[in-house]
Number of protein chains: 2
Amino acid sequence: MVDAAGRAIGERGLANVRIKDIADQAGMSPGSVLYYYPELDDLLIEVHQETVDQYFAQREQFLDGLDRPVDQLRTALRTGLPSGPDDVTARLLYGMHARCEASPAHAALMTNLFDREVALYLTILRSANEAGDVELRASAETIARTLVALEDGLGLHIVSRTRPMTIDAARTIMTSCAEQFTGVTLSS
Amino acid sequence: MVDAAGRAIGERGLANVRIKDIADQAGMSPGSVLYYYPELDDLLIEVHQETVDQYFAQREQFLDGLDRPVDQLRTALRTGLPSGPDDVTARLLYGMHARCEASPAHAALMTNLFDREVALYLTILRSANEAGDVELRASAETIARTLVALEDGLGLHIVSRTRPMTIDAARTIMTSCAEQFTGVTLSS
DNA sequence: GAGTTATTTGACTATATTGTCAAAGAACCG
DNA sequence: CGGTTCTTTGACAATATAGTCAAATAACTC
């Protein structure tokens with residue numbers, strides 16, 4: 001059901017999704033959708049939750065098996081960007097940002113995602129630093145927040161089809177920024 | 001009329017604005033709105049255009065009268081962020097990002113704004129560098145793009161009420177990032 | 001000021017979508 | 001089984017909103 005809603009949003013866009021679309025994707029009637037979610041917002045919040053969890057789990061998974069923290073950093077820098085303008089997960093998450101203004105639940109989920117991503121970078125940065133592989137030219141907290149916010153800004157432009165902002169250009173920028181903060185070469 | 005639409009969006013939100021809201025703001029009847037804009041999208045595009053122009057003009061104006069490029073840089077770093085979660089202009093622009101996926105016109109306006117902001121930083125960075133006030137530890141183009149994308153990412157979190165991301169925190173990050181790229185202290 | 005065109009209006013139609021509900025059907029339980 | 005609860009359905013009512021349009025009004029021209 002939550003999956004079906006996610007697919008429906010992927011097809012029709014978060015702003016235009018109708019109960020009927022969700023019902024179709026779930027192989028149900030519109031009445032059944034309302035039976036489980038009298039407030040459609042509740043369903044959207046679960047979709048948001050689910051998407052955040054899956055996205056973050058995947059990001060962590062990319063790091064599995066990488067022993068050297070610098071390699072983890074390099075990989076994290078690559079996997080924090082949308083895969084392209086049509087990246088379904090990224091589009092959904094950016095769409096959810098708009099709902100944060102009105103819905104504390106969505107805002108909390110965004111805060112949660114942000115915190116987890118910052119924590120991920122923090123861990124990597126600190127262990128890379130302890131391993132003597134990188135400097136930390138600002139506080140680890142600041143660097144981590146910078147990288148996450150930069151990912152979000154670049155991703156927004158990728159998804160919005162801002163022309164000069166291709167995935168390659170965005171990767172260059174991520175790398176370059178991380179290099180400045182850590183004093184090492186990170187381009188792969 | 002475009003102004004009225006902007007106000008209506010400010011009150012009701014871009015996603016929920018109705019023709020009636022615009023008519024009310026303009027002191028007209030709904031019929032008159034349709035008379036001038038049979039396609040409501042055309043009006044939204046003009047609102048977008050207008051907002052981009054005004055926003056950028058104001059950003060430039062903040063730099064007026066600042067002779068030293070480093071001061072311009074400091075000011076640019078401060079004025080590129082939303083004034084708070086309720087910043088009407090910022091909310092409108094972030095809302096418009098969602099429309100870029102479907103509308104090339106909106107995407108073009110976003111590209112235009114991005115390019116102009118990058119150009120602004122480019123000018124500042126280059127003259128600060130020529131004045132011998134800053135280093136450029138990456139290409140000016142890369143630094144400028146980084147700063148603009150970072151502003152956008154931070155602004156998105158401010159507007160979305162991502163809790164740890166206050167305006168102060170965001171300013172710290174902007175400053176710290178610029179310091180890394182330029183090798184000088186910029187905090188005011 | 002008569003005639004012409006442009007603008008404005010608000011009532012009306014068309015449409016899309018949410019939400020209701022009684023009845024049908026399935027699952028479960030003694 | 002018979003009864004009970006849970007689930008599902010699709011037709012229907014309620015609502016919201018875009019868009020139409022004839023008629024009223026204003027503006028403009030000669």
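Chain letters run A, B, ... following the sequence lines, proteins first and then strands; every chain starts at 1.
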Interatomic distance, B/Arg18 CZ vs D/dA16 P [rounded to whole Å]: 9 Å
Which whole-number value in Å describes the distance from A/Leu40 CG to C/dA16 P? 19 Å
Whichever of A/Arg12 and A/Gly31 has its nearest DNA chain C nucleotide further upstream toward 5': A/Arg12
Taken to the nearest whole Å, CG/B/Asn16 to C1'/D/dA18 is 16 Å
With the threshold set at 4.0 Å, does a side-chain nitrogen-carboxylate oxygen contact exist between A/Glu11 and A/Arg7? no
Quick check for you: among C/dT8, D/dT9, D/dC6, whose closest atom lies nearest to any side-chain atom of B/Met28? C/dT8
A/Leu34 has its side chain closest, among C/dG19, D/dT8, C/dA6, to C/dG19
Aromatic ring proximity, centroids under 6.0 angstrom, A/His97 and A/His106: no
Tell me the interatomic distance from A/Tyr37, atom OH, to D/dT7, atom C1', rounded to whole angstroms. 15 Å
Ion pair A/Asp24/A/Arg18, N-O distance below 4.0 Å: no
Among D/dG10, C/dT8, C/dT17, the one nearest any side-chain atom of A/Ser29 is D/dG10
Whole Å only: how far is the CE atom of A/Met1 from the P atom of D/dT7? 13 Å
Does a side-chain N or O of B/Ser32 approach OP1 or OP2 of C/dT7 to a distance below 4.0 Å, or not? no
The nucleotide from D/dT8, C/dA6, C/dT18 with an atom nearest the side chain of B/Tyr35 is C/dA6
Starting at atom NZ of A/Lys20, determine the distance to atom C1' of D/dC12, rounded to an integer number of angstrom. 17 Å
Do A/Glu130 and A/Arg126 meet the salt-bridge criterion of a basic N to acidic O distance under 4.0 Å? no
Nearest to the side chain of B/Ile19, heavy atoms from C-beta on, is which of D/dA18, D/dT7, C/dG19? D/dA18
